[in-house]
Student: 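I am attaching a structure below and will ask some questions about it afterwards.
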Amino acid sequence: MLSYRHSYHAGNFADVLKHIVQIAIIEYLKKKDKPFTVHDTHGGAGNYLIDSDHMQKTGEYRDGIERLWDKRTEVGVIDQYVKLVKQLNPVGKLREYPGSPSIAASLLREQDRLQCTELHSTDFELLHKRFAGDKRVRVEKLDAWQGIKAMMPPQHRRGMVLIDPSYELERDYRDVLPALQMAMERWATATYAIWYPVLDRNRTEHFVREFIKAEMPDLLRVELCVRPDASGRGMTGSGMLIINPPYTLAQHMAQAMPLLKEHLCDTGGHGMVKRLTGEGA
Ligand SMILES: C[S@@+](CC[C@H](N)C(=O)[O-])C[C@H]1O[C@@H](n2cnc3c(N)ncnc32)[C@H](O)[C@@H]1O
């Protein structure tokens, strides 16, 4: 029984970082005409209405997308992200926040493909309905890891995989690395982006160390903590581990980090862009 609903958290500071990284990777893939596939293991509902009870109940988007909505930063990856969210809100007011599948779909070209898995019945239905009729998009009601087995490798050699569990269960932390290894055996040429929360610093560092120990080639870590680390006081930050990142990503995220800190962090917040393995580590 899944209790996590992304509709309570959409557009929060963690989504901002995750979706900036996602857009930067897809934009890099688009530099060549050759088609690519985006695989989204934990798709969520696709789109989230700001006025919904869920979003209003937590108000998390106010400390995320809302803080960037009116900003023009002159930093490419941030401005691309804000522009994309604005395109989905043509009335000029933030009414809807796009989830990762909607972000990917709005960037795909005719030749590219998106495939998503989502297990929650309600969110699956919403996601499925959203893309009904879009021949570029495939949505399956499948466990994320089963989806990797069933849907990888996709038809294209180029692409990215977003792995975005809710980490509701301790098992979620343990499952990611073996699932990633299984995916990489099937599709070695893709870029993999794994989201993780910062709730407890020791837990987070243990999680990251496992990837270094597994000798993941070319591993980049990007993290933004909006508050000082404080175990037991909720999510203070989040990060992404990126395997096979575009060679431009570290530099682009390093440019973005000071501005993300300025706009999203409280006193004591901190950010990091660090190569953990590969060139420059
Ligand atoms: C953090 S949310 C995804 C948000 C989405 N990627 C985005 O950025 O908009 C995690 C999602 O994973 C789904 N989920 C949880 N366990 C799953 C599993 N084993 N397989 C597939 N989906 C799962 C949840 O229902 C939830 O919608």
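Start at 1 and go down the list; that is how both ligands and their atoms are numbered. This chain uses plain numbering: 1 for the first residue, then up along the sequence.
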Student: Could you check whether R203 makes a cation-pi contact with Y173, meaning its NZ or CZ is under 6.0 Å from the centre of the six-membered ring and within 45° of the ring axis?
Tutor: yes
Student: List for me each residue that meets salt bridge (charged side-chain N to carboxylate O under 4.0 Å, His left out) alongside R174, sequence neighbours excluded, and say none if there are none.
Tutor: none
Student: Is it true that T191 and N244 share a donor-acceptor pair across their side chains at a distance under 3.5 Å?
Tutor: no
Student: Hey, what do you get for CD1 (I65) to NZ (K86), rounding to the nearest 0.5 Å?
Tutor: 8.5 Å
Student: Are any side-chain N or O atoms of E168 and backbone N or O atoms of Y4, one a donor and one an acceptor, separated by less than 3.5 Å?
Tutor: yes
Student: Show the short N or O contacts, below 3.5 Å, that ligand 1 makes with protein N or O atoms; if there are none, say 'none'.
Tutor:
residue	atom	partner	partner atom	Å
ligand 1	6 (N)	H42	O	2.8
ligand 1	6 (N)	S100	OG	2.8
ligand 1	6 (N)	D164	OD2	2.7
ligand 1	8 (O)	K18	NZ	3.0
ligand 1	8 (O)	H19	NE2	2.9
ligand 1	8 (O)	S100	OG	3.2
ligand 1	8 (O)	D164	OD2	3.3
ligand 1	9 (O)	S100	N	2.8
ligand 1	19 (N)	D143	OD1	2.7
ligand 1	20 (N)	A144	N	2.8
ligand 1	22 (N)	L119	N	3.4
ligand 1	25 (O)	E118	OE2	2.6
ligand 1	27 (O)	E118	OE1	2.8
ligand 1	27 (O)	E118	OE2	3.3

Student: Taking the side chain as every heavy atom from C-beta outward, state whether Y192 and H39 have any atom pair closer than 4.5 Å.
Tutor: no
